Amino acid sequence: THEEFNQTFDVALHVGTLVAVVAYFRRDLARLVAAWIASVRRREIATPDERIAWFVVVATIPAAVVGALAEELIADHLGEPWQIALFLAAFAVVLWLADRRAPTRRMSDLGLGTALAVGLAQSLALAPGVSRSGITISAARFLGLDRDSAARFSFFLLVPVVFGASVWKGLTDVVLGDLPPGSAGPFVVGMVAAAVSGLAAIWALLGYVRRHDYTVFVVYRLLAALVIALLIASNARDAGF
């Protein structure tokens with residue numbers, strides 16, 4: 001019943017996932033940050049790591065802009081059960097189609113124009129049910145990345161988006177906001193649980209996609225959409241709030 005708590009708690013869970021991503025990819029992320037700084041100093045993009053670092057920066061911009069400008073609109077008009085079921089099913093089909101594409105590129109082959117396209121796709125994940133990882137993996141597969149690279153690229157994109165959202169929500173809803181008493185406990189437990197489960201999920205996902213396709217995740221999304229639709233149809237759950 002406390003909208004600010006709900007939204008901020010959701011971001012707190014993503015902070016836990018952020019900790020897991022940074023811990024798992026710490027060497028890759030350190031290398032990309034160093035490459036980006038070197039590129040800025042020289043005012044040129046010369047190495048594969050510098051290209052990937054700039055790709056992540058450019059792909060972050062659309063989601064940041066859309067999130068900042070449409071935060072209230074998203075909170076007020078998106079996230080109802082029928083919408084979540086629709087997005088789960090629709091973007092399951094998108095993932096299935098993207099995963100049929102044969103790998104033709106490496107991550108360092110992608111340009112800044114395609115970075116903007118991936119960023120626009122990532123901004124769709126602001127709608128509940130779309131899935132940030134799902135839509136960015138789909139975009140990466142459409143661009144010709146192999147399954148392992150698409151998953152890694154999705155995790156790289158998570159870092160600046162979640163870090164920025166965490167700082168913004170921490171300032172507006174925690175420092176300057178009015179969260180209900182007793183919020184600290186649920187926040188800490190949620191973040192720890194998200195970090196532990198996130199680390200296990202990253203390890204399992206990367207190991208899985210090196211040997212399999214993404215079909216299991218397509219089926220999962222379709223089944224989740226079906227369950228929500230059945231709950232609505234049986235009047236066990238309202239279609240909206």
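What you see is a predicted model; the values in this text were computed from it and never measured. By convention here, the first residue in the shown sequence is residue 1.
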- Side-chain donor-acceptor pair present, Arg132, Ser154, cut-off under 3.5 Å: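 Distance-only check passes for Arg132 and Ser154.
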Can you give me the closest heavy-atom contact between [X] and [Y], atom names plus distance?
{"X": "Glu44", "Y": "Glu50", "value": "O-OE1, 3.7 Å"}
{"X": "Ser123", "Y": "Ala63", "value": "CB-CA, 3.8 Å"}
{"X": "Leu78", "Y": "Ala127", "value": "CD1-CB, 3.7 Å"}
{"X": "Ala20", "Y": "Gly198", "value": "CB-C, 3.7 Å"}
{"X": "Ala225", "Y": "Ala85", "value": "CB-O, 3.3 Å"}

Under 4.5 Å between any side-chain heavy atoms of [X] and [Y], yes or no?
{"X": "Thr17", "Y": "Val162", "result": "no"}
{"X": "Arg221", "Y": "Ser131", "result": "yes"}
{"X": "Pro81", "Y": "Leu231", "result": "no"}
{"X": "Trp54", "Y": "Val57", "result": "yes"}
{"X": "Phe217", "Y": "Asp99", "result": "no"}
{"X": "Leu88", "Y": "Ile84", "result": "yes"}
{"X": "Val56", "Y": "Pro160", "result": "yes"}

For the pair [X] (side chain) and [Y] (backbone), establish whether a donor and an acceptor sit closer than 3.5 Å, ignoring hydrogens and angles.
{"X": "Ser138", "Y": "Gly134", "answer": "yes"}
{"X": "Gln122", "Y": "Val118", "answer": "no"}
{"X": "Tyr214", "Y": "Arg147", "answer": "yes"}
{"X": "Arg51", "Y": "Ile45", "answer": "no"}
{"X": "Arg26", "Y": "Ala23", "answer": "yes"}
{"X": "Arg105", "Y": "Leu145", "answer": "no"}
{"X": "Arg100", "Y": "Trp96", "answer": "yes"}

- Task: Among residues two or more places apart or on two chains, list those pairs meeting ring pair (Phe, Tyr, Trp, His ring centres under 6.0 Å) that have a residue in residues 134-167.
- Result: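 Sorted pair list: Phe25-Phe155, Phe25-Phe156, Phe55-Phe153.
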Connected via hydrophobic side-chain network under 4.5 Å: [X] and [Y]:
{"X": "Val216", "Y": "Leu222", "answer": "yes"}
{"X": "Val159", "Y": "Ile137", "answer": "yes"}
{"X": "Leu126", "Y": "Val161", "answer": "no"}
{"X": "Met107", "Y": "Leu112", "answer": "no"}
{"X": "Val196", "Y": "Phe187", "answer": "no"}

Any chance you could measure [X], atom [atom1], to [Y], atom [atom2], to the nearest 0.5 Å?
{"X": "His14", "Y": "Phe9", "atom1": "NE2", "atom2": "CZ", "result": "11.5 Å"}
{"X": "Ser39", "Y": "Leu32", "atom1": "OG", "atom2": "CG", "result": "12.0 Å"}
{"X": "Leu18", "Y": "Leu13", "atom1": "CG", "atom2": "CG", "result": "12.5 Å"}
{"X": "Leu157", "Y": "Ile135", "atom1": "CG", "atom2": "CD1", "result": "12.0 Å"}
{"X": "Ile61", "Y": "Leu116", "atom1": "CD1", "atom2": "CG", "result": "8.0 Å"}
{"X": "Ile228", "Y": "Phe87", "atom1": "CD1", "atom2": "CZ", "result": "12.0 Å"}

- Got more than 12 heavy atoms from elsewhere within 6.0 Å of CZ, Arg41?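 Result for CZ/Arg41: open.
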- Task: Given side-chain hydrogen bond (donor to acceptor under 3.5 Å, both in side chains), test Thr215 with Asp213 step by step and report yes or no.
- Result: CA-CA 6 Å; Thr215 300; Asp213 61 20; 2.9 Å; yes
